[in-house]
Q: 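So that we are looking at the same thing, I have put the structure below in structure tokens.
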Amino acid sequence: MSVSPAHPAAQKLADLIQRTPYIRRLGVRMELAGDEMTAVLPYGGTLIGDPGLPALHGGVLGAFLEMTALAQLFIMTEADHQPRPIGVTVEYLRSGRPVDTYARAQIKRIGSRIANIYAEAWQETRAAPITCLHGRFLLTSRTGASQSNSSSIQPASTT
Amino acid sequence: MLTILQDMGSYALRASPQAKALGFTLTAIAQGEATVRCPYHPDLVGDVETGVVAGGVVTTLLDHTCGHAVLAALDTFRPIATLDLRIDYLRAAEPGCDILAHAQCYKLTRSVAFVRAIAFDRDKDDPVATVQATFMLDSSRSARRKGSTSHAPTTTDEEASA
């Protein structure tokens, strides 16, 4: 898996953020180191679900991990269209305290149609994740890195 | 607990800053069941090309509605926390439409509540998403006692009354 030079990851990421109002609404930042991305969810009072503890809303953490998985997948493929989530499984390991939260996603497999991704969120301690997500995404016919790589070889044989 | 929730109306929703920020309203509550509405807003869109609300918003709505169904199944108030959610996105939500979620808590044990829910826009029989979830009961007692960095679900069984 490599990032196509024709579609630099940074440009793709900027496009994705530009096209996704909900990423901006949550105030999520996405920082690139090569082709690996770290997403940051800055703490804000409106992210609280349970004011008694207080704890971040579980749904927000699930949403944050889902957008992290989607963004990591998007920058790793040549597709111009966002992958579509088929399903996610979210596990809550620890309560989310009222501080900044970070997340990274790992692509487990990109097939011609389906991508499987694992993402994890943490706060102060990377080794003590607060929430993790397994996601299944559908790559539309115009998407999929391996797909477009193999199809780009095709025209050469016809010349 | 159900009568308290009925008396409170949407107080519990207004008490949750995230639910308030998204404009959630509790539209129905019954024994072990809850329905919550998420109004459409352009800020919640996942892709401006399609105008479809982000999957993450549906995640938050489903988590929240499931939590209310658990509270509505309990005899007295007990703090709860989500253990896991497994969501299937069946289709894209209709752009411009409010999304509703209906959740049912179908099993309570001493420590765990089991819930299922659907999210839909126009027709309840044509859902946008379905979810299966579990919740920990008396969650904050164990969190306070064991510290915030501990694993959440442990040893509250002996304290649980039911």
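Residue numbers start from 1 in every chain, and the chains themselves are labelled A, B, ... in the order their sequence lines are given, proteins ahead of strands.
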Q: Cluster question for you: counting only ILVMFWY and a side-chain heavy-atom cut-off of under 4.5 Å, with indirect links fine, are A/Ile107 and A/Phe74 together?
A: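 Result: yes, single cluster for both.
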Q: Please check if the number of heavy atoms outside A/Arg84 that lie under 6.0 Å from its CZ is greater than 12.
A: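 Counting neighbours around CZ of A/Arg84, 12 or fewer heavy atoms of other residues, nucleotides or ligands fall under 6.0 Å, so no.
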Q: What is the distance from atom OG of B/Ser16 to atom CG of A/Asp50, rounded to the nearest 0.5 Å?
A: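 Result: 8.0 Å between the selected atoms.
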Q: With heavy-atom distances below 4.5 Å as the criterion, would you say the side chains of B/Glu49 and A/His81 are in contact?
A: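 A side-chain contact under 4.5 Å exists here.
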Q: Side-chain heavy atoms nearer than 4.5 Å, only ILVMFWY residues, links allowed to pass through others: does that put A/Ile130 and A/Tyr43 together?
A: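 Yes, because A/Ile130 and A/Tyr43 connect within a single hydrophobic cluster, where side-chain heavy atoms sit under 4.5 Å apart.
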Q: With chain A as the partner, which of B/Gly55, B/Ala21, B/Gly46 has the greatest number of non-hydrogen pairs under 4.5 Å?
A: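 Among B/Gly55, B/Ala21, B/Gly46, the one with the most close pairs to chain A is B/Gly46.
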Q: Taking the side chain as everything from C-beta on, heavy atoms only, tell me whether B/Pro17 gets closer than 4.5 Å to A/Leu47.
A: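 No, their side chains stay 4.5 Å or more apart.
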Q: Against chain A, label B/Val57 side chain, backbone, both or neither, depending on which of its atoms sit under 4.5 Å from a heavy atom there.
A: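 For B/Val57, backbone and side chain are both near chain A.
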Q: Let me check something: do B/Leu100 and B/Ile29 share a hydrophobic cluster, defined by ILVMFWY side-chain heavy atoms less than 4.5 Å apart, either directly or through other members?
A: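 Different hydrophobic clusters.
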Q: Among B/Leu44, B/Asp47, B/Thr59, which residue has the highest count of heavy-atom pairs closer than 4.5 Å to chain A?
A: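 Sorted descending by pairs with chain A, the first entry is B/Asp47.
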Q: Under 3.5 Å, is there a donor-acceptor pair between the side chain of B/Gln18 and the main chain of A/Thr46?
A: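 Yes; judged by distance alone, with no hydrogens or angles, the pair exists.
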Q: Side chain, backbone, both or neither: which part of B/Leu61 has a heavy atom under 4.5 Å from chain A?
A: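 Contact with chain A: none, neither part.
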Q: Would you say A/Tyr92 and A/Trp122 are hydrophobically clustered, going by side-chain heavy atoms of ILVMFWY under 4.5 Å?
A: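 As far as the 4.5 Å side-chain criterion goes, A/Trp122 and A/Tyr92 are not connected within one cluster.
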Q: Calculate, to the nearest 0.5 Å, the distance between atoms CG and CD1 belonging to B/Asp43 and A/Ile23 respectively.
A: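 So the gap between those two atoms works out to 13.0 Å.
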Q: Using side-chain heavy atoms (C-beta onward) and a distance below 4.5 Å, is B/Tyr89 in contact with A/Val88?
A: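 Yes; the side chains approach each other to less than 4.5 Å.
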Q: State whether the side chain of B/Asp63 and the backbone N or O of A/Gly59 hold a donor-acceptor pair below 3.5 Å, judged by distance alone.
A: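 Pair found, side chain donor or acceptor close to backbone of A/Gly59.
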Q: Would the distance check show the side chain of A/Glu66 and the main-chain N or O of B/Ala54 forming a donor-acceptor pair, the cut-off being under 3.5 Å?
A: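 Here the side-chain-to-backbone pair does not exist.
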Q: With side-chain contact (heavy atoms from CB on, under 4.5 Å) as the test, would you mind laying out the steps for A/His57 and B/Thr60 before giving the verdict?
A: CA-CA 8 Å; A/His57 198 291; B/Thr60 303; 3.7 Å; yes
Q: Treating Ile, Leu, Val, Met, Phe, Trp and Tyr as nodes and any side-chain heavy-atom pair under 4.5 angstrom as an edge, say whether B/Ile99 and B/Val131 lie in one connected cluster.
A: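 The answer is yes; both residues are in one hydrophobic cluster.
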Q: Using non-hydrogen atoms only, which part of A/Ile86 is less than 4.5 Å away from chain B: side chain, backbone, both, or neither?
A: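 Only the backbone of A/Ile86 comes within 4.5 Å of chain B.
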Q: Should we count CZ of B/Arg122 as having more than 12 external heavy atoms under 6.0 Å?
A: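 No - once you tally the heavy atoms of other residues, nucleotides and ligands closer than 6.0 Å, there are 12 at most.
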Q: Does any backbone or side-chain atom of B/Gln132 lie under 4.5 Å from a heavy atom of chain A? Answer side chain, backbone, both or neither.
A: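 B/Gln132 has no heavy atom closer than 4.5 Å to chain A.
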Q: Under 4.5 Å, counting heavy-atom pairs only, tell me which of B/Asp84, B/Ile87, B/Thr82 racks up the most with chain A.
A: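 That would be B/Ile87.
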Q: Which one of A/Pro51, A/Pro21, A/Gly87, A/Ala55 has the most heavy-atom pairs closer than 4.5 Å to chain B?
A: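 Winner by heavy-atom pair count: A/Pro21.
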Q: Is there a side-chain contact between A/Arg25 and B/Leu22, using heavy atoms and a 4.5 Å cut-off?
A: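 Sidechains of B/Leu22 and A/Arg25: in contact.
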Q: Verify the neighbour count for atom CZ of A/Arg136: are there more than 12 heavy atoms of other residues, nucleotides or ligands below 6.0 Å?
A: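 Result for CZ/A/Arg136: enclosed.
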